[in-house]
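Values reported hereafter were calculated over all heavy atoms of this structure, with side chains retained and with hydrogens, waters and symmetry mates removed. Starting from 1, each residue takes its place in the sequence as its number. Indexing begins at 1, ligand by ligand and atom by atom, following the structure's order.
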Amino acid sequence: MNATDDVSPSPLPVHLAVIMDGNGRWAQARGLPREAGHRAGAETVREIVTECRKLGIRYLTLYTFSSENWNRPKTEVAALFSLLLEFLGQEVPRMEREGIRLNILGDIDGLPLAARTALRHGMRRTAANDGMVLNLALNYGGRAEIVRAVQELLREGVSPNDVTEESFARHLYTAGQPDPDFLIRTSGEQRLSNYLLYQCAYSEFYFTPVPWPDFRVPQLHEALAVYGSRSRRFGKTQEQIDAR
Ligand code: IPE
Ligand code: IPE
Ligand code: MG
């Protein structure tokens with residue numbers, strides 16, 4: 001037994017959401033094309049996914065491509081999707097082995113055919129895994145997700161009284177999943193950029209200046225330690241929380 005064994009571990013988020021920002025600036029600071037930043041960012045994804053699985057985080061949600069990212073130069077969008085295919089080719093077999101279930105949040109039908117096919121294949125191959133859910137938010141926008149949920153409810157002819165927070169949440173891409181406990185955004189920006197607008201009602205936020213390619217295991221541990229020190233009250237008083 002070593003000295004740290006009797007220290008009770010600080011709570012881990014059940015659901016960790018990340019806005020992986022700063023690939024472009026990371027590359028530009030090195031005189032490299034933005035695509036090189038995305039490639040370096042993909043390496044970070046591998047490392048962070050592996051570590052989260054190891055730590056026992058149950059849901060990891062990565063903002064991979066927003067519905068607004070279509071406004072980027074065509075060449076950058078093409079590079080991002082070719083990187084996604086490469087990533088899935090290498091990582092799906094590993095996810096299969098390591099008990100990770102791949103899931104997509106967003107409008108899959110609006111993605112290029114090759115990406116759609118690879119993603120569906122990845123989801124099928126990992127469907128039975130229950131070690132950790134890896135949500136990739138792809139062609140995702142929070143407002144569009146909410147509007148889509150309203151459309152589905154109307155289409156089902158649900159009566160207004162039957163629209164509850166629970167029934168509404170069942171029509172979101174995250175149906176059946178707990179809300180993110182912790183949201184990390186890298187690279188200095190302090191905004192949501194249309195990410196998980198409904199689900200982040202009570203998430204703890206963490207902003208770091210570190211760009212995504214440099215956000216590695218030590219930086220993740222540092223962020224998780226901060227999460228562990230936060231006091232989540234959900235509208236109650238601290239005294240009520242302490243009395244539990
Ligand atoms: C995040 O990095 C990756 C995607 C949005 C796909 P950025 O590409 O936004 O990097 P910056 O913000 O321009 O540095
Ligand atoms: C958010 O980052 C989207 C992803 C990380 C995929 P952006 O770089 O697109 O966000 P804005 O444009 O700076 O708000
Ligand atoms: Mg950005």
Side-chain angles (χ1 to χ4, degrees), residues 13 15-49 52 59-88 90-91 102-112 114-116 118-119 122 133-146 148 172-174 180 182-200 203 205-216 219-220 223:
H15 185 165
L16 170 63
V18 185
I19 302 177
M20 312 185 285
D21 199 13
N23 294 347
R25 278 164 285 172
W26 180 93
Q28 277 156 352
R30 286 164 178 72
L32 298 169
R34 294 178 58 84
E35 287 72 15
H38 295 313
R39 183 165 286 282
E43 274 309 310
T44 299
V45 171
R46 287 180 231 275
E47 189 170 313
I48 296 297
V49 168
C52 286
Y59 300 85
L60 174 63
T61 301
L62 302 178
Y63 208 178
T64 307
F65 191 85
S66 77
S67 37
E68 288 73 30
N69 287 148
W70 293 113
N71 295 319
R72 294 193 177 199
K74 268 204 176 78
T75 49
E76 182 172 345
V77 172
L80 281 167
F81 281 104
S82 110
L83 206 51
L84 175 69
L85 289 181
E86 197 182 310
F87 176 85
L88 292 170
Q90 289 165 356
E91 296 305 301
L102 176 68
N103 186 49
I104 305 306
L105 312 182
D107 178 15
I108 297 195
D109 293 335
L111 292 173
R116 228 155 56 205
L119 290 165
V133 173
L134 174 63
N135 291 314
L136 297 183
L138 267 168
N139 197 15
Y140 174 88
R143 286 186 175 175
E145 177 185 37
I146 291 169
R148 173 179 167 274
L172 297 173
Y173 291 121
T174 48
F182 195 39
L183 174 90
I184 296 174
R185 182 168 189 151
T186 59
S187 206
E189 253 56 70
Q190 303 193 4
R191 54 175 172 258
L192 277 178
S193 301
N194 207 10
Y195 195 40
L196 303 172
L197 298 182
Y198 189 87
Q199 296 89 336
C200 281
S203 306
F205 289 1
Y206 179 87
F207 300 105
T208 169
V210 175
W212 177 248
D214 292 336
F215 191 86
R216 297 304 182 107
Q219 287 75 19
L220 174 68

Whether over 12 other heavy atoms sit under 6.0 Å from R72 CZ: yes
Atom indices of ligand 1, in the order listed, that fall short of 4.0 Å to a heavy atom of H38: 3 (C), 8 (O)
Numbered atoms and elements of ligand 1 in range of R25, under 4.0 angstrom, heavy atoms: 11 (P), 12 (O), 14 (O)
Min N/O separation N23 to ligand 1 under 3.5 Å: yes
Aromatic contact, F182 with F205 (centres under 6.0 Å): no
N or O pair under 3.5 Å between G24 and ligand 1: yes
Minimum-distance atom from the Mg ion (ligand 3) among N, O or S atoms of D21: OD1
Contact with ligand 2 for M20, non-hydrogen, under 4.0 angstrom: yes
Nitrogen or oxygen of D21 less than 3.5 angstrom from that of ligand 2: yes
Flag: protein heavy atom within less than 4.0 Å of atom 12 (O) of ligand 2: no
Structural part of Y195 in contact with ligand 2, heavy atom criterion under 4.0 angstrom: neither
Taking atom 6 (C) of ligand 2 as the reference point, the nearest protein heavy atom with its distance: Y63 O, 3.3 Å
N69, any N or O under 3.5 Å of ligand 1 N or O: no
Proximal candidate to atom 4 (C) of ligand 1 [heavy atom criterion; set Q28, R72, R34, E35]: R72
Selected option - heavy-atom contact closest to atom 10 (O) of ligand 2, from R191, R185, E189: R185
Nitrogen or oxygen atoms of T64 and ligand 1 under 3.5 Å apart: no
Exceeds 12 heavy-atom contacts within 6.0 angstrom, atom CZ of R143: no
